[in-house]
Amino acid sequence: MPKLLIATTNLGKLREIRPLLDGLSIDLITLDAWPALAAPEETGRTFEENARSKARYYAKATGLAAVAEDSGLEIDALGGAPGVESARYGGPGASYQKKFALIYDALRVRGAAGSPARFVCALALASRDRIQFEARGSVEGCIAPSSKGGGGFGYDPIFLYPPFGCTLAEAGDRKSAVSHRGQAFRALRAFLIGAKL
């Protein structure tokens, strides 16, 4: 059975990704198998650039086909911030509560409460040094009046998805059907059904 490395250490992402690839005749490997492997620096200016560079790096370092993604929250009133800096927003080690507070403060200053926003996920699959497949998913919404919900992870509690009338942290199992990551990984699944790793 061919092996595919899911190149993330984010447990929340892994929880979402595994069911999306379930049932494929592929052995999914995580970075737990390489505890000493350092993560590459994310220097790209777009989600796509970061996804490609991470996929190539992990494929070369492990010898396995590797899928990597880069994702984040873009807020229109903040010029697309935090964007590719979503994981690092607020500085090293900043909690999501701190990130939320910074976002709400920035929106308040601009008089832009409830700004339109979107989650974006760019995904890349690399084998050896070649990108074999790429996909992008996005979901439109707005910033919620306040943080709500205990599900999901990351920025989900402040992202209001109007068709559900709740944040993605409150959406439960419905999240996967509409999420940026769900879209990108369903596209990957369709590719993998006919691909040779």
Side-chain angles (χ1 to χ4, degrees), residues 6-17 30-32 35 37-55 57-58 67-124 136-162 164 166-172 175-176 178-185:
I6 307 297
T8 182
T9 54
N10 185 312
L11 295 177
K13 289 183 181 182
L14 284 170
R15 274 195 301 274
E16 290 187 0
I17 291 166
T30 68
L31 288 171
D32 291 344
L37 184 58
E41 256 192 275
E42 294 185 25
T43 56
R45 298 186 60 173
T46 65
F47 295 115
E48 284 81 3
E49 286 175 10
N50 282 332
R52 284 182 211 120
S53 66
K54 286 191 286 187
Y57 169 85
Y58 285 113
V67 60
E69 58 99 81
D70 195 38
S71 53
L73 177 65
E74 295 179 337
I75 302 172
D76 289 359
L78 303 184
V84 293
E85 296 296 323
S86 290
R88 297 171 289 281
Y89 192 65
S95 70
Y96 274 93
Q97 291 309 314
K98 180 181 178 185
K99 295 177 200 288
F100 299 167
L102 289 170
I103 286 169
Y104 282 118
D105 285 347
L107 290 176
R108 212 167 10 254
V109 166
R110 289 164 175 78
S115 171
R118 72 204 48 79
F119 274 125
V120 176
C121 173
L123 168 158
R136 179 183 174 96
S138 66
V139 58
E140 297 288 332
C142 59
I143 300 303
S146 61
S147 168
K148 278 191 175 176
F153 65 97
Y155 292 98
D156 287 353
I158 66 166
F159 185 85
L160 183 71
Y161 183 61
F164 289 172
C166 66
T167 70
L168 286 187
E170 299 173 290
K175 177 187 171 183
S176 181
V178 299
S179 79
H180 52 310
R181 191 166 295 108
Q183 293 170 36
F185 276 87

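From Asp156, atom CG reaches atom NZ of Lys148 across 15.5 Å, with rounding to the nearest 0.5 Å. Separation of atoms CZ (Phe185) and NZ (Lys13) is listed at 8.5 Å; rounding is to 0.5 Å. Taking CD1 of Ile103 as the reference point, atom CD1 of Ile143 lies at 6.0 Å (rounded to 0.5 Å). Rounding to the nearest 0.5 Å gives a distance of 10.5 Å between CZ of Phe153 and CG of Leu168. Note that OG1 of Thr30 and CG of Asn10 are 12.5 Å apart. Values are rounded to the nearest 0.5 Å. Distance check: Gln183 CD to Arg136 CZ gives 10.5 Å after rounding to the nearest 0.5 Å.
In this structure, Ala184 and Gly137 approach most closely via the heavy-atom pair CB-N, 4.2 Å. Among all heavy-atom pairs drawn from Thr167 and Ala144, the shortest one is CG2-CB, 3.9 Å. In this structure, Ala68 and Ala7 approach most closely via the heavy-atom pair CB-CB, 4.2 Å. Looking at every heavy atom in both residues, Gly141 comes nearest to Pro162 through CA-CD, 3.8 Å. Contact between Glu69 and Lys54 at its shortest, heavy atoms only, is O-NZ, 2.8 Å. Closest of all the heavy-atom pairs between Phe47 and Gly72 is CE2-N, 3.5 Å.
A donor-acceptor contact shorter than 3.5 Å links the side chain of Lys98 to the backbone of Gly90. Without hydrogens or angle criteria, Asp76 side chain to Ser115 main chain gives no donor-acceptor distance under 3.5 Å.
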With a 3.5 Å cut-off and sequence neighbours excluded, list the donor-acceptor pairs that the side chains of residues 77-89 form with protein atoms.
residue: Glu85; atom: OE1; partner: Arg88; partner atom: NE; Å: 3.1
residue: Ser86; atom: OG; partner: Leu73; partner atom: N; Å: 3.0
residue: Ser86; atom: OG; partner: Gly83; partner atom: O; Å: 2.6
residue: Arg88; atom: NH2; partner: Val84; partner atom: O; Å: 2.8

Working for side-chain contact (heavy atoms from CB on, under 4.5 Å), residues Ile17 and Val67: CA-CA 11 Å; Ile17 291 166; Val67 60; over 6 Å; no
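Counting only residues at least two apart or on different chains, the ring-ring contact (aromatic ring centres under 6.0 Å, His included) pairs with a member in residues 95-120 are Tyr96-Tyr155, Phe119-Phe159, Phe119-His180.
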